[in-house]
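The chains referred to below are lettered A, B, ... by the order of the sequence lines, with proteins before strands, and numbering in each begins at 1.
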There are 2 protein chains.
Amino acid sequence: MSQKLFVSAQEVAEKAGVSRSAVSRTFTSGASVSPKTRQKVLDAAEALGYHVNHLARGLMRNESGIVCLIVSEIGTPYRSSLIRALTQQLQNSGKISMLINTDRSDGSVDLALRQAIRYRADASIILSGLPDKSITDLCLKNGQRLVLINRDDDREGPLSINLDDADAAARVATAFVRAGCRKLAFANSQAGTPSLMARERGFVAAAKALGLDVIVERFGHTGYESGRVVAQQLLTRKDRPDAVFCATDLLACGFMDAARHQFSMSIPDQICVAGFDDIEQAAWSSYQLTTFAQPVDMIAREAVSWLVGDSAQPEHHSVRLHADLVWRSSIRGG
Amino acid sequence: MSQKLFVSAQEVAEKAGVSRSAVSRTFTSGASVSPKTRQKVLDAAEALGYHVNHLARGLMRNESGIVCLIVSEIGTPYRSSLIRALTQQLQNSGKISMLINTDRSDGSVDLALRQAIRYRADASIILSGLPDKSITDLCLKNGQRLVLINRDDDREGPLSINLDDADAAARVATAFVRAGCRKLAFANSQAGTPSLMARERGFVAAAKALGLDVIVERFGHTGYESGRVVAQQLLTRKDRPDAVFCATDLLACGFMDAARHQFSMSIPDQICVAGFDDIEQAAWSSYQLTTFAQPVDMIAREAVSWLVGDSAQPEHHSVRLHADLVWRSSIRGG
DNA sequence: CTCGCTTTTGCAAGCGTGTGCAAATGCTGC
DNA sequence: GCAGCATTTGCACACGCTTGCAAAAGCGAG
C-alpha cells in the first residue's frame, strides 16, 4: 500500500526550510524557537501530516508517557468505572494508558508487568491480584512508580490508596442496630483481598463492641452468583440473620435476588442489606441498595497527580479516602 | 534514587562476552544464534535484569506491537466485557493494548487517534462514536489497520465487524407475535448508532411484514435511566403496548424496573420485554431478560486475527456475526 | 590437510528524536 | 556604524535497538 508510511521531522524541516532541530524544538514545550520559524514549521507539519514519534521521543527522554493499568475482572462494574476514571485523568495529564488484563493464569501479573517494563512505562497502577512482594519489587527496581489501589500494602516506594473500610463497616453495624436488627451476618467471597478482609474484620469488631455476634459466610469469587450461594447458606439456618452486610454490591445484588425470589423475603422488612462500592446497579429500583460509594474520581485524581508529580515527594506514600454512605431503602429507617 | 535506571543490551553483551548483535538476536525470534551463545546471553540478561526496550525495537522495526482501543462509555457492562475479551486476545497474540477514553468532548476521538498515531500503534479498534470519515482516513493514511465494531461502515480498508441486527430483530417480532402480543413497541436511545438503528429498522420492517405497526420511542443516552423514561412515555399512552423490544439490555432493565415498580405491571403476563447484548445483569433473577448474546469472544478473535495477519488479505473486509437468542422468562411461551 | 559449504558472529549503518554547545542572528543604545 | 547582550539556529552526538553484509568459524567429504 503506502510505502512512505510516516513522515519524519527531517522532511518537515526541508519543506519548512529550517533545520531538523527547529522542528524538534517546535514540538518540545519550553524550547527556544522564534515565533516565525515556529509557524513555518507548524504549517509544513500540517501540510505533510507530521506526528511526533513518541517511541523515539520516549527513547531519548527516558520517559515514555505510558502508564500501565494492571487489572483483573475488567468487566466488573466497579473495576470498569475505576478504569474509566483513571484513563480520563491520565489523558488530561498528557499520559496514555496501557491496559493489561490479568484474568488468566497465576503468573500473568508478573508477565504483564514485564511487558510494561519492556515498553518503559513511567508507572504502573495495580488494581488486581494480591500484593505480591516480588511484583512491586520488579516495578521499583526498574524505576517505575507504582500505585496500589485497595491493596493495603505499606511497603516503601509505592503509593497505596485505600478506603476507610473498617470505619465504614462500623457505620453499617450501627445502622443495622438502629434499625432494630439483632442477628447480624457478613457475606464475603473467598478472594481474601485486603479491602474485603478489612470490611469483614471491621464489621465483626464493631458488632462485638455493640454486644453482637456476626455470622460470617464466604464463598467463591466476588460476584453475583456467590451472593446467591451465600444467601442460600445464610437463609437456611435455624438462626436466620435479620441483617447482612455484603462485602461488595455484586454480592449484595445476588443476595437480595435470592432472598426475594427464592426465599420470598421482603427487604428491608424481614432483612436489612447493605453493600459496598455503589455500582450503578445499586441505584436501580429493583435493588435500592444502601451502600458505600467508592470515590473513584478522587482515587483517580490522587493516583494521577502523584504519578505526574516531581520526583521528590516522600511526603505521603499512603492515602486513605473516605467512602460516603449512600442511604437507600435496603435498610429500615434512615 | 536509582541512577542506573535500565540495563542495555550493550551491558549484557559485555557481561556475556559476546557482541551486542548476539544479544539482540537472542531476543529476536527466528534469528540465527548458536545455542551456546544464546544461553550465555540469557544467563547474563537474567543476572542483570535486562528487558528489551520495545520503544527502540518499535522504532527500528516500524512496528510497535501496540494496538489502540478507542472507546467511550468504558464503564458500561457490554463495553467493558468487550474490552476484556479484546485485551485478552491481544495479549495472547503478543500485542499490547492502549486504551483511549473518548467520553468527553466531541473532538476527543480525533485527539485520541492522533495520540495513537504518535505512538505508532500498529492498529486501532474503534468501539465508540459515529463512523466519521475523517477519522478512518487519518488512521489509514498513517498506515494503521483499523477495526470498526458495530459501526456498519463499508469503506475500503478497515475491517468492520457487525451483527445480524436486523435478523435478530425479526426473530423477536416473531416471538412477540407467537406470545400473543399485538401492540408492539421499540425502545431506543437517541444515540443513532448504526447497530441500534439497524435493530430499530429491522424490528419495524419485520412487524410490518407480520401486519403490525410499531410504536417507536427514543430518549437520551443508551442507559438504564433512558429505559425508565421511555417506559414512562410508552406506558402512559392510551394504546399501551403489550410487547417492547429494547435496543439494549440496559434500556430493557430500566424499562422493566419502571414497568414493575412504577406501573405495577407483571412481566411477561401483562407485557413482554426483550433486550440486546446479554449483559450479565440480564441473567439476574430480577430481570431474567430474553435477549441476544453479543458474541464478544468471537468478535475479539475476528478482530485480532485480522490485525495480526499478514498484510495481503483483501478477502473479507466485512464480517457479520450471528447473535444467539438467549431465551429467558421476559417473554411468554418459549 | 584442504576444499566447499553452511552456520554463526561482529561491524556498522540507520531508525526518529532531544539537547549541549558554539556560531549566527537580532536588538538596543551609544 | 559599532559594541554589548539576549535570543535563535544548526551541528553533531546520543538513546537502544535491528539487520545487511562480509568475515570467521564449524563441519563433513575427499
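The shortest distance between side-chain heavy atoms of B:R120 and A:H54 does not fall below 4.5 Å.
Distance check: A:L55 CG to B:R118 CZ gives 12.5 Å after rounding to the nearest 0.5 Å. Atoms CZ and CG, from A:R79 and A:L69 in turn, are 11.0 Å apart once rounded to the nearest 0.5 Å. Remark: A:D297 CG to A:L82 CG distance equals 9.5 Å, nearest 0.5 Å.
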Original post:
Along nucleotides 4-9 of chain D, 5' to 3', which nucleotides get a B, which get an S, and which get a -, given that the test is a protein heavy-atom distance under 4.0 Å?
Top reply: ----BB
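At a threshold of 4.0 Å, the pair A:K95-A:D122 counts as salt-bridged, since one of the basic side-chain nitrogens sits closer than that to a carboxylate oxygen.
Inter-axis angle, ends of the helix from C:dC1-D:dG30 to C:dC30-D:dG1, five pairs per end, rounded to 10 degrees: 30°.
For B:S34 and B:T37, the side-chain atoms include at least one donor-acceptor pair closer than 3.5 Å. A side-chain N or O of B:N101 and one of A:T87 form a donor-acceptor pair less than 3.5 Å apart. A donor and an acceptor atom, one from each side chain of B:N92 and B:Q88, are nowhere located under 3.5 Å apart.
Proximity of the aromatic rings of B:F6 and B:Y50 is defined here by a centroid distance below 6.0 angstrom, and this criterion is not met.
B:R320 contributes no side-chain N or O that, together with a main-chain N or O of B:N162, makes up a donor-acceptor pair within less than 3.5 Å.
Nucleotide C:dT8 holds its P atom 14 Å from the NZ atom of B:K40, rounded to whole Å. Rounded to whole Å, the distance from OH on B:Y119 to P on C:dG16 is 18 Å.
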So which protein nitrogen or oxygen atoms get under 3.5 Å of nucleotides 12-17 of chain D's nitrogens or oxygens?
unit_1	atom_1	unit_2	atom_2	d
D:dC17	OP1	B:Y50	OH	2.6
D:dC17	OP1	B:N53	N	3.3
D:dC17	OP2	B:A9	N	2.6

